[in-house]
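We name chains A, B, ... by the order of the sequence lines, and we start the count at 1 in each one. As a basis for the values below, the full set of heavy atoms in this structure was taken, side chains included, without hydrogen atoms, waters or symmetry mates.
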Amino acid sequence: PAAAMALIAAYVRKGHLHEAKHIFDKLEQPSIAASTSMITAYAQEGDLERAKQIFDGMELLDEISWTVMLQAYAQRGKMREAKRLFDSIPVPVDKGRDLVAWSVMLLGYTQARDVPRARDLFQTIPRRNVVSWTLMLQAYVEAGEFSNAIELFNSMPERNVVSMTAMLAAHAGRQDLEAAKFMFDSMPEKNLVSWSAMLQGYATSGDIRGAKILFEEMPWKDTVAWTTMLQAYAQAGHLRTSLFVFETMPERNVVSWTAMISAFAHSGNQMDSIQIFHAMNLEGVKPDDICFASALLACNHVGLLYRGHGYFTSMRRDHGIAPGREHYFSMADILCRAGRLESAQELIRTMPFVPE
RNA sequence: GGGAAAGAGUC
């Protein structure tokens with residue numbers, strides 16, 4: 001049973017819902033933890049119905065199972081459902097409401113760009129911690145309410161490396177290199193994310209020289225940092241250097257590959273993009289929706305009808321990815337360029353989105 | 001043994 005739990009947790013973490021379910025189904029008396037893991041697994045798949053089914057079938061619920069179900073709704077933007085559930089969570093009179101549940105709600109409103117509700121909720125939290133404050137900061141940042149973000153940051157009772165990095169990243173996002181650097185230099189503790197955020201600050205400000213210097217000073221580098229550097233060169237038009245970074249980095253994930261595909265496509269080398277896309281498949285790195293969008297864009301620009309169509313159909317068939325708007329539009333564009341107007345119209349007519 | 005905040009790719 002304990003071993004089964006460890007297995008389920010491992011499968012869920014890797015996104016292997018089927019394997020997790022297989023083990024879960026064999027348990028006669030699933031523990032709260034096992035059921036909670038399965039809720040997480042279904043929520044990851046976007047299958048809220050099954051997630052709720054498990055939740056409703058549980059005899060005992062604890063703080064974590066409530067919060068996981070809450071998160072399932074909040075992550076999918078179902079804030080009305082989330083709020084209903086939140087209000088039905090029993091609150092122990094002595095301890096008060098679980099802070100994590102507050103955080104999940106706050107994050108949900110942030111992702112919904114609902115600053116008024118986020119602020120209301122934030123002000124209702126009886127004992128805010130640094131996570132609550134950082135979430136509220138992020139709500140302002142993502143809604144573009146920068147002066148509110150600054151004001152909140154300055155009034156935070158406590159800051160840590162995460163909240164300071166969030167503020168640093170906000171400065172970087174506005175290309176305020178001075179403010180970002182000032183924050184970076186004033187941080188008593190820096191981790192890989194802080195360094196990476198600073199690196200991104202240089203990159204988006206077009207200071208490729210500063211980016212390179214910082215990159216070489218970094219005490220640790222992961223794939224995110226390497227890809228940021230790759231992208232910095234690509235955006236500055238240094239395609240050769242970008243490719244050099246790509247070939248030098250110790251590991252490449254789907255984001256690094258996609259950055260390279262786009263770098264070639266944006267510089268007019270669409271055939272190189274397509275070669276990179278193939279090399280990625282040969283390496284066994286699974287393309288995701290964004291990667292397919294980039295590959296389709298490259299096909300579109302050089303008018304590769306059959307290849308483009310091959311990618312488009314392969315998305316669902318081989319990778320289980322539902323084509324989104326941009327995939328349909330790219331594909332329709334490819335068809336148009338090839339003179340297949342009626343096929344293009346048919347595709348747009350049958351796509352599961354409202355055409356604009 | 002299961003839950004919350006910060007950094008990279010498309011537009």
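The pair Arg84(A)-Glu81(A) meets the salt-bridge criterion, with a side-chain N (NZ, NE, NH1 or NH2) lying under 4.0 Å from an Asp/Glu carboxylate O. Salt bridge absent: Asp185(A) and Lys181(A) never bring a charged side-chain N and a carboxylate O closer than 4.0 Å. A salt bridge does not link Arg117(A) with Asp120(A): none of the charged nitrogens is closer than 4.0 Å to a carboxylate oxygen.
Taking the side chain as every heavy atom from C-beta outward, Cys299(A) and His309(A) never approach each other to under 4.5 Å. At a threshold of 4.5 Å between non-hydrogen side-chain atoms, the residues Arg340(A) and Leu305(A) count as touching. Between Thr165(A) and Ser163(A) the shortest side-chain heavy-atom distance does not fall below 4.5 Å. With contacts defined as side-chain heavy-atom distances shorter than 4.5 Å, the pair Val161(A)/Lys190(A) does not qualify.
Looking only at distances, a side-chain donor or acceptor of Ser242(A) sits under 3.5 Å from a matching main-chain atom of Leu230(A).
Rounded to whole Å, the distance from CD on Glu142(A) to C1' on G7(B) is 13 Å. The nearest whole Å value for the distance from the CG atom in Asn300(A) to the C1' atom in C11(B) is 14 Å. For the pair Phe122(A) CZ and A5(B) C1', the computed distance is 12 Å after rounding to whole Å. The CE atom of Met164(A) sits 16 Å away from the P atom of G7(B) (whole-angstrom rounding). Between the CG atom of Leu230(A) and the P atom of G9(B) there is a distance of 11 Å, rounded to whole Å. Here A8(B) presents its C1' atom at 12 Å from CE of Met229(A), a figure rounded to the nearest Å. Rounding to whole angstrom units, CD of residue Gln75(A) and C1' of A5(B) are separated by 13 Å. Atom C1' of nucleotide G7(B) and atom NE2 of His171(A) are separated by 15 Å, given to the nearest angstrom.
Note on Asp289(A): nothing from the nucleic acid sits closer than 4.0 angstrom, heavy atoms only.
The listed nucleotides are G9(B), G2(B), G7(B); the one nearest the side chain of Asp288(A) is G9(B). The side chain of Asn191(A) has A6(B) as its nearest neighbour among A6(B), G7(B), A8(B). The Glu326(A) side chain lies nearest to U10(B) when the options are A8(B), U10(B), A5(B). Listed nucleotides: U10(B), A6(B), G7(B). Nearest to the side chain of Ile290(A): U10(B). Counting only heavy atoms from C-beta on, Leu135(A) has its side chain closest to A5(B) among G9(B), A6(B), A5(B). Ranking A6(B), G2(B), A8(B) by closeness to the Gln138(A) side chain, first place goes to A6(B).
Near-neighbour residues of RNA chain B inside residues 252-270 of chain A, defined by a heavy atom below 4.0 Å, number-ordered: Asn253(A), Val254(A), Val255(A), Thr258(A), Ala259(A), Ser262(A), His266(A). Near RNA chain B, meaning a heavy atom under 4.0 Å away, the residues from residues 18-36 of chain A are Ser31(A), Ile32(A), Ala33(A), Thr36(A).
Judged by a 6.0 Å distance limit and a 45° cone about the ring axis, Arg97(A) is positioned over the six-membered ring of Phe86(A).
Remark: Gln231(A) is in phosphate contact with U10(B), judged by side-chain N or O atoms under 4.0 Å from OP1 or OP2.
A tilted orientation is assigned to the rings of His16(A) and Tyr11(A), their planes being inclined by 30° to 60°.
Residue Asn129(A) places a side-chain atom within donor-acceptor reach of the base of A4(B), judged by atom type and a 3.5 Å distance cut-off alone.
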